[in-house]
Structure formats: C-alpha cells, structure tokens
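Okay, structure first, notes after.
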Amino acid sequence: MPVATPLLKICGLREPAQATAIAALGADAIGVIAVPGSPRYVPPPQRPGLFAAMAAGRPSMAAGHPACFGVLVVADPSDDQLEELAAGRGHAVLQLHGEESVERCRELGGRLGVRLWKALRVRTPADLERAAAYAGVVEALLLDAWCPGQLGGTGHRIPIEWLEDFRPPLPWWLAGGVGPGTVAELLARLQPDGLDASSALEESPGVKDLARVAALVAAVRGSTPA
Ligand SMILES: O=C(O)c1ccccc1NCC(=O)[C@H](O)[C@H](O)COP(=O)(O)O
C-alpha cells in the first residue's frame, strides 16, 4: 500500500514576512508559541497578524494545496487565559504542550471550540502508553522529545527505534530535531501523519532560514527544492 505523504508544520515563527513566505513555500501549518519564557514567545496582540500573514501566503487551494493553517502552542493554560486561546483569533488548532490530563483536554475542547492537539514529551518508551487515552478527546497527538527544563524547541530527538511499532488510535505528528538532514531516515522508518520542525531550520530562535525550510518541504514531498 502506498505510504501517504505526511503534513508539515513549521513551528516557532515570530515574523509576519516569514509566515507569508513559509506558507507560500508549501508548509501545511505554522506554529506560534504562546508559552512565556520561550525565546520564540509571541505576545497576544501580535498573534492574529502572524496568522493573517500566513493566510496571505497561501490562500485556499493555491497551487493545488489546501490552505496553510495556524497552530497556537500553549502549556497548561489557566482559566483566565482561555479568552485569548479561543476560536476567532486566527489559529485553527491549539497545541497543548504541558502536562494537560485527558480530563483537562476534554474540558478545554468543550470550552474553546477549537481543534486540539496534545503534545506528549517522551522520556522513556513507557510514555508512549499514555497516547491511546487521548483518542476521541483531541484531534491528534504530537510526540516531542523530553528535555530537562525545556518544554520544546530543543532539537532533541526521540530515539527512532522507540517509535517503529507506535500505532496510536488517532493521528500523530512527530516533532523533535526534525530537519532536512534527518527527515529521510525518519520517513524511511516511521509513518507519522505529520512532521513538526523548528530549531533545525533556524538562524536564531524564531527566525527561520528559508532555504532550509524549502529543503525540508522538498525532502518531505520527495522532490528537489524549487
Ligand atoms: O519552540 C519552543 O520554544 C517551545 C517552547 C515551549 C513549548 C513548546 C515549544 N515548541 C513546540 C513545538 O511544537 C516545537 O516545534 C517542537 O518542540 C520541536 O522543536 P525542535 O526540536 O526544535 O524541532
């Protein structure tokens, strides 16, 4: 059976011009970090502009691709933050990157009206056993490498052999050290529904090297960069 091409999310953007360019290059999604303390943090007033710039880069079905969509990344949001995370602010998906339980995800889904992804930071193979409980509660899982003292954007990879038999009952995205240099091996051995890349594409935190983004898009699509 032919293996489907995974979707591609480029995460940690801070500049509207980069959001436009990266959507135009063919990314399926962009991620904006709403976690204070991250060097890629974007404050609430700037987020809608980033998502609008993304939409300008690839309007619906341009070049035969569906529109690029926006993902807002949060970690353990408190109830008084929920207004700025709800639908209508330009993001289609809220990525929960903290310690959100299945119950908290269910509650947030009911209150926010946005699509939810749950990130699981994988420290040992046993962490993968937590995945199935989120089926029917969130739209997808995003697996990221565990790293002490940092929630994401670390460049650390989950050992590939831990994932070779991973078949969760919901779509899953692979994050952690994804870049043009690693993607061929990943896709030869794993079949994620999506790939997420950030620091391997950066000149500095939040600033992507567009040539590296283009090389990754081409590697994922199995072609050469335009
Ligand atoms: O990227 C961050 O700075 C970040 C900070 C706090 C929580 C999550 C964060 N990133 C989430 C992502 O989805 C990243 O793309 C993911 O961790 C992969 O990063 P990398 O290993 O650098 O490709």
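The first residue in the sequence is number 1, and the count goes up from there. Predicted model, so just to flag it, every value in this text is computed and none were measured.
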Taking the side chain as C-beta and beyond, is there a heavy-atom pair between [X] and [Y] under 4.5 Å?
X      : Y      : answer
Trp173 : Pro192 : no
Leu141 : Pro171 : no
Leu120 : Arg130 : yes
Ile160 : Leu190 : yes
Val74  : Leu96  : yes
Pro39  : Tyr41  : no
Leu142 : Lys9   : yes
Ile22  : Leu13  : yes

Is the closest side-chain donor-acceptor distance between His97 and Asp144 under 3.5 Å?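 Indeed, the side chains of His97 and Asp144 share at least one donor-acceptor pair under 3.5 Å.
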Side-chain heavy atoms under 4.5 angstrom apart, residues restricted to Ile, Leu, Val, Met, Phe, Trp, Tyr: same cluster for [X] and [Y]?
X      : Y      : result
Leu187 : Leu7   : no
Leu8   : Phe69  : no
Ile10  : Leu210 : yes
Val102 : Trp172 : yes
Tyr134 : Val122 : yes

How long is the straight-line distance from [atom2] of [Y] back to [atom1] of [X], given to the nearest 0.5 Å?
X      : Y      : atom1 : atom2 : answer
Leu143 : Asp127 : CG    : CG    : 10.0 Å
Leu112 : Glu107 : CG    : CD    : 9.0 Å
Arg123 : Trp146 : CZ    : CH2   : 3.5 Å

In terms of the angle between their ring planes, are His91 and Phe51 parallel, tilted or perpendicular, with boundaries placed at 30° and 60°?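 The arrangement is tilted - the two ring planes meet at 30° to 60°.
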Could you tell me whether a side-chain N or O of [X] sits under 3.5 Å from a main-chain N or O of [Y], the two making a donor and an acceptor?
X      : Y      : result
Thr182 : Gly179 : yes
Glu202 : Gly206 : yes
Glu100 : Gly98  : yes
Arg115 : Val71  : no
Gln81  : Ser78  : yes

Can you see which heavy atom on [X] is nearest to which on [Y], and at what distance?
X      : Y      : result
Thr20  : Ala53  : OG1-O, 2.9 Å
Arg58  : Ala23  : NH1-O, 2.7 Å
Gly12  : Ile33  : CA-CG1, 3.9 Å
Leu50  : Ala19  : O-CB, 3.6 Å
Ala75  : Leu151 : CB-CD1, 3.5 Å
Pro180 : Leu216 : N-CD1, 3.9 Å

Flag the pair [X] and [Y] as a salt bridge only when some basic side-chain nitrogen lies within less than 4.0 angstrom of an acidic carboxylate oxygen.
X      : Y      : value
Arg212 : Glu203 : no
Arg47  : Glu84  : yes
Lys118 : Glu99  : no
Arg104 : Asp76  : no
Arg167 : Asp193 : no

Whether over 12 other heavy atoms sit under 6.0 Å from Asp165 CG: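 Counting other residues, nucleotides and ligands, CG of Asp165 stays at 12 neighbours or fewer.
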Please step through side-chain contact (heavy atoms from CB on, under 4.5 Å) for the pair Arg111 and Leu82, ending with a clear verdict. CA-CA 8 Å; Arg111 290 174 69 171; Leu82 297 189; 3.6 Å; yes
Testing Val32, Val207, Val42 one by one against Arg14 for a side chain to side chain contact (heavy atoms under 4.5 Å, CB included), which residue passes?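 When side chain to side chain contact (heavy atoms under 4.5 Å, CB included) is applied between Arg14 and each of Val32, Val207, Val42, only Val42 qualifies.
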Identify which one of Leu186, Val178, Asp28, Val183 satisfies the side chain to side chain contact (heavy atoms under 4.5 Å, CB included) criterion when paired with Val220.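 That would be Val183.
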Could you walk me through whether Val138 and Leu170 satisfy the side-chain contact (heavy atoms from CB on, under 4.5 Å) test, starting with their C-alpha distance in whole Å, then the side-chain angles of each, then the deciding distance to 0.1 Å, before giving a yes or no? CA-CA 9 Å; Val138 297; Leu170 70 171; 3.8 Å; yes
From CA spacing to verdict: side-chain contact (heavy atoms from CB on, under 4.5 Å), Arg40, Ser198: CA-CA 10 Å; Arg40 303 172 187 87; Ser198 182; 3.7 Å; yes
Could you please spell out the steps behind the side-chain contact (heavy atoms from CB on, under 4.5 Å) verdict for Ile30 and Cys11? CA-CA 5 Å; Ile30 67 155; Cys11 198; over 6 Å; no
